[in-house]
Protein chains: 2
Amino acid sequence: MRLTTKGRYAVTAMLDLALHEGQGPISLADISERQGISLSYLEQLFAKLRRNTLVKSVRGPGGGYQLNHDKQAISVAQVVDAVNESVEATGCARQGDCQSGETCLTHHLWCDLSDQIHSFLHGISLADLVLRKDVKDVANRQDRRHGSQVFLTTADSLLADKAAV
Amino acid sequence: MRLTTKGRYAVTAMLDLALHEGQGPISLADISERQGISLSYLEQLFAKLRRNTLVKSVRGPGGGYQLNHDKQAISVAQVVDAVNESVEATGCARQGDCQSGETCLTHHLWCDLSDQIHSFLHGISLADLVLRKDVKDVANRQDRRHGSQVFLTTADSLLADKAAV
DNA sequence: ATTTATCCGAGCATTTAAGTAGGGTATAGA
DNA sequence: TCTATACCCTACTTAAATGCTCGGATAAAT
């Protein structure tokens, strides 16, 4: 099992798409600038996300990427899985043949751990993240800094202004 | 974050010690044979476990390793930590400076995940594992195969015999 | 036609895991 | 005292993955 910037980048980029939903296709250049991720690396990640039908692309000027499903229907676990970062703690892919064909001493422990992690990440959708206060705060900071027009509710604006002071 | 055979080996080896507690020092050669782990690699892992005072060693013939604390007092999390496999999902070690000094969009998500994993692994002690049926079954199979005398309760013997048929 | 963007593949530096190799040192027992 | 056993330690090797870069191709809007 491993969780590195690869999976974190993927989730961050997908969340960026979710945050700017309704603004048409979002280019990778925008995401790269806002989230501080290398453009070429983003391309590779989005190739996998597209193959897993999590996003759809529009080519040409004004093009970019959009979520292919509803925010609520995309879980963090799906995104992490899509870029090949398995959230699987066993070494035998749950087969139980960890020790030369037989079950190793700690097999079930790692199965339990895998279940924990998977159900945790599966229970969080992009929509859930968009609603979180800490996410909103960071998103507003990023949008202000990179000159994107954001659609804030009055309440959100007041909160953001307060946070900025 | 990463969890590979390194951390799994460490927990498996520590559990082997816990299972054979009261039989004097256990040699790494025994653990190597029972658990199918390279002897030299075990030596490296136990160097770290010893530096973290999780085990104590006895040198010379008849020597080996023993748990340095009570089974109940050693958690899986401690063992994994000892071999430098941090169960930390953030890339900034919780500092919140993930994106060029500022907090990245998904920082809090990975903090939450880290908490989940850590509290799960912290809540499981070696004593807990020793009591599990699946662990007992594997341990009995291993001991029978490698000719070690095991101290079974009558109930355990019956269970093990049944399982062997 | 030119610009903007997604696509696609090759390649590369760095790190880590996992294991090998080959020394040593302490000690129980003959 | 000798010797076998076992811990101890350092250094190397192999393989794989991460996180990039670079160069180019294709599609579409101006």
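What you see is a predicted model, and the numbers here were worked out from it, not measured in a lab. Order of the sequence lines sets the chain letters (A, B, ...), proteins ahead of strands, with each chain counted from 1. Any value given below was found using the heavy atoms of this structure, including those in side chains, with hydrogens, waters and symmetry copies removed.
- In this structure, B:Phe46 and A:Val83 both approach DNA chain D, and ranking their closest nucleotides by distance from the 5' end singles out B:Phe46.
- Crowding of A:His69 atom NE2: a count of heavy atoms from other residues, nucleotides or ligands under 6.0 Å exceeding 12.
- Comparing D:dA29, C:dT6, C:dA28 against the side chain of A:Leu28 picks out C:dT6 as the nearest.
- If you check D:dG19, C:dT20, C:dC7 against the side chain of A:Tyr41, the one that comes closest is D:dG19.
- Set against C:dT6, C:dA17, C:dT27, the side chain of B:Arg59 has C:dT27 as its closest nucleotide.
- Under 3.5 Å, the side chain of B:Glu85 and the base of C:dT16 form no donor-acceptor pair of N or O atoms.
- When distances run from any side-chain atom of B:Ser27 to the nucleotides C:dC7, D:dC7, C:dA28, the shortest one goes to D:dC7.
- Between the CD atom in B:Gln116 and the CG atom in A:Leu113 there is a gap of 10.5 Å [rounded to 0.5 Å].
- No donor-acceptor pair closer than 3.5 Å links the side chain of B:Arg145 to the backbone N or O of B:Arg34.
- Ion pairing between A:Arg132 and A:Asp128 fails under the 4.0 Å rule for side-chain N and carboxylate O.
- A pairwise comparison of heavy atoms in A:Ser75 and A:His122 identifies CB-O, 3.5 Å as the closest pair.
- For B:Arg51 and D:dT10, the CZ to P distance is 8 Å, given to the nearest whole Å.
- Atom-to-atom, CG of B:Leu42 to P of D:dC7 comes out at 9 Å; the value is rounded to the nearest Å.
- Nucleotide C:dT16 holds its C1' atom 12 Å from the CG atom of B:Asn84, rounded to whole Å.
- Checking C:dT16, D:dG19, C:dT6 against the side-chain heavy atoms of B:Arg2 singles out C:dT16 as nearest.
- To the nearest angstrom, P of D:dC8 lies 13 Å from NZ of B:Lys56.
- Taking atom CZ of A:Arg50 as the reference point, atom C1' of C:dT6 lies 8 Å away to the nearest angstrom.
- Across all strands, B:Ser57 comes closer than 4.0 Å only to sugar-phosphate atoms, never to a base (heavy-atom distances).
- On a pure distance criterion of 3.5 Å, no polar donor-acceptor pair joins the side chain of A:Gln44 and the base of C:dC8.
- The shortest distance between the side-chain N/O atoms of A:Thr5 and the OP1/OP2 oxygens of D:dT18 is not below 4.0 Å.
- Taking 4.0 angstrom as the limit, B:Tyr9 places a side-chain polar atom (N or O) nearer than this to OP1 or OP2 of C:dG19.
- Atom pair B:Lys48:NZ and D:dC7:C1' shows a separation of 18 Å (rounding to whole Å applied).
- Atom pair B:Leu39:CG and C:dG19:P shows a separation of 12 Å (rounding to whole Å applied).
- As a whole-Å value, the separation of A:Glu43 CD from D:dC22 C1' is 11 Å.
- Closest-nucleotide positions on DNA chain D for A:Gly60 and A:Thr4 were compared, and the one nearer the 5' end corresponds to A:Thr4.
- Distances shorter than 4.0 Å separate some side-chain N or O of B:Ser38 from OP1 or OP2 on C:dT20.
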